[in-house]
Amino acid sequence: MHEFELIDRYFRRSGGRGVALGIGDDGAVLDLPPGRQLVAVVDTLVEGVHYPRQIAAADIGYRAVAVNLSDIAAMGAVPAWMTLALTLPAADPEWLEGFSRGLLAAAQQFDIALVGGDTTAGKQTVVSVQLLGHVADKRFLSRSGCRPGDSIYVSGTPGDAAAGLIDVLNGNDGHDLAQRFLRPTPRIELGLSAVGVANAAIDVSDGLCADLQRMLSASACGGTIEQEKLPLSTTLVERYGSAEAARFALTGGDDYELLFAVSAGNEDEFLDACATVGVPVTSIGQAEAHPGLRVTAGDTPLKLDTDGYRHFNTTKGEAV
Ligand code: ADP
Ligand code: MG
């Protein structure tokens with residue numbers, strides 16, 4: 001299959017909000033709404049590193065968009081356009097059909113247009129999606145605004161996706177937890193409603209502790225979270241018991257939930273905003289002046305491997 005035929009068949013769709021010129025030219029031309037600032041994010045999924053080889057092409061396509069939408073959500077931005085850089089060992093029509101179906105389903109669900117990309121042959125499947133969104137002038141969330149005394153909130157039920165990955169690896173895809181890994185829910189509405197209310201935000205991709213640590217250190221503060229406050233899903237606790245479920249929630253990755261820091265005076269407004277968008281959030285601890293992240297279980301401090309996944313870390317090897 002010729003490259004142009006492949007793009008036409010699987011990726012080119014007409015129209016799209018704010019698309020003056022889309023796929024087919026040397027570049028896309030996009031209409032940024034007046035008074036808005038552009039927000040750009042990119043995330044790459046490498047086969048065997050970010051997802052196991054056995055997952056369905058449609059899930060890879062959906063996930064590639066969803067993980068980028070999660071970064072857009074953490075910025076409090078409105079998603080609008082995306083580009084796709086695709087490296088494939090072969091142009092397999094069955095794989096491409098599934099992949100584009102999953103990718104375009106996520107795009108349609110969040111009203112974003114695929115406006116360009118690049119397609120190359122290579123040894124290993126690599127999917128790189130760039131997402132472009134926008135915010136009202138200077139009205140965005142960042143990692144660096146957290147202050148000592150802020151409450152730390154997390155959305156949803158972290159830990160499910162990491163446990164779900166085990167099911168996926170065991171060929172047990174039908175389970176709820178597996179779906180949490182395969183089809184993460186980007187918290188776009190939640191991010192938007194937290195702008196001007198939360199002091200800081202980050203999305204949970206590498207693990208709650210690892211990402212919270214990043215937010216706290218970007219804000220030059222520290223914090224303590226309490227294991228008993230973690231919002232564990234019933235499914236996770238039933239499958240693994242509460243201690244192991246908490247370990248998944250603290251150290252497992254791929255949740256794509258949001259963490260927020262909220263000052264005491266804004267908590268009511270924050271909780272109202274979350275209720276309006278219908279996403280559960282839970283206070284799990286607080287930010288403190290003393291640097292570092294501490295996790296307590298009752299009166300006991302916990303020692304956890306909280307680094308999250310690191311690329312180029314020779315001792316850990318592949319993530320999946
Ligand atoms: P060029 O050589 O000028 O970069 P390409 O042949 O790479 O052009 O791409 C042709 C057109 O198809 C461009 O508009 C490009 O953005 C688009 N395109 C290429 N690959 C993809 C893809 N995987 N998804 C979406 N659009 C793509
Ligand atoms: Mg090109």
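All ligand and atom numbering here is 1-based and tracks the order in the structure. The chain is numbered in sequence order, starting from 1.
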Any heavy atom of Asp25 under 4.0 Å from ligand 1? The part involved is backbone

Does CD in Gln108 sit with more than 12 non-hydrogen atoms of other residues, nucleotides or ligands closer than 6.0 Å?
no

Below 3.5 angstrom, do we get any N/O pair linking Phe4 and ligand 1?
no

Contact atoms of ligand 1, heavy-atom distance to Gly24 under 4.0 Å
11 (C), 13 (C), 14 (O)

Taking NZ, NE, NH1 and NH2 as the nitrogens, is one of them in Arg63 or Asp254 under 4.0 Å from a carboxylate oxygen of the other?
yes

Within a distance under 4.0 Å of any heavy atom of Glu3, pick out the atoms of ligand 1 and give their elements.
5 (P), 6 (O), 7 (O)

Proximal atoms of ligand 1 relative to Asp26 (non-hydrogen, under 4.0 Å):
3 (O)

For the pair Asp111 and Arg17, evaluate salt bridge (Lys or Arg N to Asp or Glu O under 4.0 Å) and give the outcome as yes or no after the intermediate values.
CA-CA 8 Å; Asp111 194 21; Arg17 199 167 31 109; 2.8 Å; yes

When rounded to the nearest 0.5 angstrom, what distance separates OG1 in Thr44 from CD in Gln130?
10.5 Å

Between Ile7 and ligand 1, which part of the residue brings a heavy atom under 4.0 Å of the ligand: side chain, backbone, both or neither?
side chain

With heavy-atom distances below 4.0 Å as the criterion, list the atoms of ligand 1 near Ile23.
12 (O), 14 (O), 17 (C), 25 (C), 26 (N)

Considering both backbone and side-chain atoms of Gly22, is one of its nitrogen or oxygen atoms within less than 3.5 Å of a nitrogen or oxygen in ligand 1?
no

Heavy atoms only: give me the nearest Pro158-Leu236 pair and the separation to one decimal.
O-CD2, 4.2 Å

Option with minimal heavy-atom separation from atom 18 (N) of ligand 1, where the choices are Ser100, Ser128, Gly117:
Gly117

Between Glu288 and Arg294, is there a side-chain N and carboxylate O pair less than 4.0 Å apart?
yes

Less than 4.5 Å apart, side chain to side chain, heavy atoms only: is that true for Leu132 and Leu38?
yes

